[in-house]
Amino acid sequence: MYLKASDITRYQREGFLMVPQVLTPEEVAGFFEEAAAMLSRGKTLHWPSEKGMVMDWVADAEIESAIMRRLALHPVITGIAEELAGRPLRLFKSELLRKEGTGSTMTPPHIDEFALPISGAPVTLTAWVALVDVPKERGCMKFWPGSHQVKAVDEAQDLASHPEMMFLPRVTLPLRAGDCTFHHARTVHSAHANETHTTRISLATVYMDEGARFEPRTLYGDGMNDKLSRHLATMQAGQALSGECFPRIRWKD
Ligand SMILES: O=C(O)CCC(=O)C(=O)O
C-alpha cells in the first residue's frame, strides 16, 4: 500500500489528493529531459483563450515516447491510482502539458468527464505529475473539494450555467517537481496563469475502469489528428476500451 486509509477516505470525500514526491529527483531529471525534447519538436495541440494561450500539449505522449510511457505506467503512480479507485484500471491517455512562462492564461474551471469519451467508468481519474516546481505563480492547479459529488454539476455539463460554483471554497495546490495530484473526472478544477519566466511542464495521465466502454462525445476529437483520436474514430459506441491501446495498469494487493 502506498496510501493511508485516511488518504483514500479524503480522496473519496474531496475528489482529489496530492501525493508528494512520487518521483525521485533522478527520475524527474530523466523525464524532464525527454519532455523538453518532445515539446521542442513543436508538434503540439493548443488551447487558446480570449486573452492568449491556456497551454499547449503533446497528445499521445505515451505512444510517442517509450520514456513517457514509463512515466504514465510508473509503478508508484499507477499503484496509487488503483488504491484510490479501489479497482483495476486501464490507461486511457497521457498528455504532456506545457504552460509557457509570462503570457499563458489561467486554465478555466472545468470537469474532465464531459470531454472524455468513456462510459461505464465511475472511477475515471487523472494523475498530474509536475516535472518542474509549480508554485501558484507558475500555474498550479486549484480544486473544488467535494464538487465531484454535486449533482447539479453532474447534470449541467457546463459550468458557465453554474456561476454559484465560483463562490464555493477551493484549494490551491502548489507542487514541487516530482509531486503528483490525483483528481476524479467529476472534480471541478482550474489552474493559475504562469506569470514566471519558467515553463510549467507536467504529464497528465487519465486512468479508467477496467470495464470502461467507448461513448462518442462531441467535445472530443473535433479536428484532432493524434493517434488516439484516429483510433477512437474507428470505434463503435459501447465497444470496450481495451487491448493494446488501453493497457491494464498493475493491480497491487
Ligand atoms: O494543467 C492544467 O492547467 C489543467 C490540467 C487539467 O485540466 C487536467 O489534467 O485535467
Side-chain angles (χ1 to χ4, degrees), residues 11 14-19 22 31-32 35 39 44-49 51-62 68 71-72 77 80-81 84-85 89 91-118 121 123-145 147-148 153 157-159 165 170-177 179-196 198-208 217 219-220 226 228:
Y11 172 81
E14 301 201 326
F16 64 92
L17 184 75
M18 196 278 268
V19 183
V22 296
F31 291 128
F32 174 84
L39 287 163
T44 55
L45 300 174
H46 297 85
W47 182 351
S49 74
K51 294 188 190 144
M53 188 64 71
V54 173
M55 61 181 157
D56 67 337
W57 70 98
V58 178
D60 298 341
E62 88 288 5
M68 284 298 136
L71 181 51
I77 296 175
I80 293 170
L84 293 173
L89 298 175
L91 172 66
F92 176 63
K93 67 170 177 178
S94 202
E95 293 175 345
L96 179 59
L97 310 180
R98 166 167 64 188
K99 218 184 224 313
E100 294 271 18
T102 52
S104 66
T105 57
M106 68 169 288
T107 307
H110 65 280
I111 293 171
D112 297 337
E113 183 171 70
F114 307 124
L116 292 170
I118 299 171
V123 294
T124 306
L125 76 163
T126 296
W128 195 104
V129 61
L131 296 180
V132 296
D133 286 343
V134 188
K136 180 179 168 201
E137 310 71 52
R138 195 166 291 140
C140 82
M141 292 230 272
K142 285 191 287 188
F143 298 93
W144 275 246
S147 51
H148 62 309
V153 172
Q157 304 205 0
D158 175 13
L159 287 181
M165 288 300 296
R170 81 274 327 246
V171 173
T172 297
L173 272 184
L175 299 184
R176 295 255 182 219
D179 292 348
C180 189
T181 53
F182 295 82
H183 66 266
H184 189 285
R186 288 186 199 150
T187 303
V188 180
H189 57 287
S190 68
H192 291 273
N194 185 355
E195 294 160 358
T196 70
T198 302
T199 302
R200 191 201 78 177
I201 299 180
S202 58
L203 189 78
T205 304
V206 178
Y207 304 105
M208 62 187 171
R217 299 254 189 206
L219 283 179
Y220 189 89
D226 56 280
L228 175 62

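Numbering of ligands and ligand atoms starts at 1, following listing order.
Less than 6.0 angstrom separates the ring centroid of His110 from the ring centroid of Trp47.
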Only distances under 3.5 Å count here; give the side-chain donor-acceptor pairs of residues 130-145 to other protein atoms, sequence neighbours excluded, each with its distance to 0.1 Å.
from	atom 1	to	atom 2	distance (Å)
Asp133	OD1	Ala177	N	2.8
Arg138	NE	Thr196	OG1	3.0
Arg138	NH1	Asp133	O	2.8
Trp144	NE1	Met165	O	2.9

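From Ile201, atom CD1 reaches atom CE of Met55 across 13.5 Å, with rounding to the nearest 0.5 Å. One finds the CD1 atom of Ile111 at 10.5 Å from the NE2 atom of His184 (value rounded to the nearest 0.5 Å). The OG1 atom of Thr187 sits 11.0 Å away from atom CG of Leu17, with the distance rounded to the nearest 0.5 Å.
A donor-acceptor pair under 3.5 Å links the side-chain atoms of Asn194 to the main chain of Lys99, judged by distance alone.
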Close N/O pairs between ligand 1 and protein, under 3.5 Å:
from	atom 1	to	atom 2	distance (Å)
ligand 1	1 (O)	Trp128	NE1	3.0
ligand 1	1 (O)	Arg200	NH1	3.4
ligand 1	1 (O)	Arg200	NH2	2.6
ligand 1	3 (O)	Thr107	OG1	2.7
ligand 1	3 (O)	Arg200	NH1	3.1
ligand 1	3 (O)	Arg200	NH2	3.3
ligand 1	7 (O)	His110	NE2	2.7
ligand 1	7 (O)	His189	NE2	2.9
ligand 1	10 (O)	Asp112	OD1	3.2
ligand 1	10 (O)	Asp112	OD2	3.0
ligand 1	10 (O)	His183	NE2	3.2
ligand 1	10 (O)	His189	NE2	3.0

